[in-house]
**Q** 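My questions will all concern the structure given below.
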Amino acid sequence: MQTATIVETRNCTKAARERVFEQLYERAFPSVARFVSLMNGSFQDAKDIFQDALVIYVEKAEDTGFAPSLSPERYVLGIAKHLWVRKFKRDCKAVSLTDEELAITIPTDFYPTPHAVRLLRFVEASGKKCLDLLRGFYYGKQTMHQLAETFGYSSEHSVSVQKHKCLGKIRESIKLKSFTYEDFFE
């Protein structure tokens, strides 16, 4: 039995139009539900998408120049597929966070301040050897004995002298650039 289309029922009674909708629902909804299910959608999603597709189909069908080349069922399925893909893309952009993810906070000192970045540039300009030595002492919390072994110095005193030379080099380059202590720490 061939399904009458909305186009063919423009001038028909309300009962005839309702029968066309029922037939369309019986024949097209299972395909739409199967497609939405395959695309990880729920039964409620399928019903919503189908209703939207049906409304679009009816609006299109009421245009006087509407002449679909497909059967009404396939036309509604095509509309539903388009609507689902659009909804899927929109929903992919909105990612919900779990309670654990919402509880994560970034420490206030996570990102270096402009002053710290400026100071780091001066330390880097003092040379790789000074940078490694100062990093080991201040950040690595290494003792003078450990630093002497790591960097191949003959004694702890040599490491201490080199550390002070590196700090002096940094202080001197800061003076040459006419910076003061307050430029780095407010």
**Q** With a 4.5 Å cut-off on side-chain heavy-atom distances among I, L, V, M, F, W and Y, is there a chain of contacts connecting Ile79 to Leu38?
**A** no

**Q** Answer yes or no for Lys81 and Phe35: cation-pi contact, defined as NZ/CZ to six-membered ring centre under 6.0 Å and angle to ring axis within 45°.
**A** yes

**Q** Working to the nearest 0.5 angstrom, can you tell me the gap between Glu149 CD and Met144 CE?
**A** 14.0 Å

**Q** Give the intermediate values and the outcome of side-chain contact (heavy atoms from CB on, under 4.5 Å) for residues Thr143 and Glu156.
**A** CA-CA 9 Å; Thr143 64; Glu156 294 173 23; over 6 Å; no

**Q** Begin with the C-alpha distance, continue with both residues' side-chain angles, and end with the deciding distance and a verdict on side-chain contact (heavy atoms from CB on, under 4.5 Å) for Gln142 and Phe137.
**A** CA-CA 5 Å; Gln142 294 179 328; Phe137 182 76; over 6 Å; no

**Q** Determine, using the 4.5 Å side-chain heavy-atom cutoff (strictly less than), whether Val76 and Val58 are members of one ILVMFWY cluster.
**A** yes

**Q** On a heavy-atom basis, which atom in Phe50 and which in Ala28 lie closest, and how many Å separate them?
**A** CE1-CB, 3.7 Å

**Q** Should Leu131 and Tyr138 be regarded as members of a common hydrophobic cluster, given that ILVMFWY residues are connected when their side-chain heavy atoms come within less than 4.5 Å of each other, either directly or indirectly?
**A** yes

**Q** Which pair of non-hydrogen atoms, one from Ile170 and one from Ser126, has the smallest distance, and what is that distance?
**A** CG1-CB, 3.8 Å

**Q** With rounding to the nearest 0.5 Å, note down the distance linking CZ in Phe43 to CG in Asp48.
**A** 10.5 Å

**Q** From Gln162 CD over to Lys129 NZ, what is the distance, rounded to the nearest 0.5 angstrom?
**A** 6.0 Å

**Q** Could you check whether any side-chain heavy atom of Met39 comes within less than 4.5 Å of a side-chain heavy atom of Val36, counting everything from C-beta outward?
**A** no

**Q** Which heavy atom in Tyr25 sits nearest to a heavy atom in Gln51, and how many Å separate them?
**A** CE1-NE2, 3.5 Å

**Q** Identify the heavy atoms of Leu134 and Cys166 that sit nearest to each other, and give their distance.
**A** CD1-CB, 4.2 Å

**Q** Just by distance, do the side chain of Thr150 and the backbone of Gln146 share a donor-acceptor pair under 3.5 Å?
**A** yes

**Q** What closest approach, in Å, do Ser155 and Ala148 show between heavy atoms, and which atom pair accounts for it?
**A** O-CB, 3.9 Å

**Q** Do Asp45 and Trp84 pass the side-chain contact (heavy atoms from CB on, under 4.5 Å) test, and can you show the C-alpha distance, the side-chain angles, and the key distance before you say yes or no?
**A** CA-CA 9 Å; Asp45 290 334; Trp84 177 256; 3.7 Å; yes

**Q** I need the minimum non-hydrogen distance between Ala80 and Ile49, along with the two atoms involved.
**A** O-CG2, 3.5 Å

**Q** Between Glu172 and Lys169, is there a side-chain N and carboxylate O pair less than 4.0 Å apart?
**A** no

**Q** In terms of hydrophobic clustering (I, L, V, M, F, W, Y; side-chain heavy atoms under 4.5 Å; direct or indirect links), are Tyr75 and Val55 co-clustered?
**A** no

**Q** Taking a hydrophobic cluster as the set of Ile, Leu, Val, Met, Phe, Trp and Tyr residues connected by side-chain heavy atoms closer than 4.5 Å, whether directly or through intermediates, do Tyr153 and Leu167 fall within one such cluster?
**A** yes

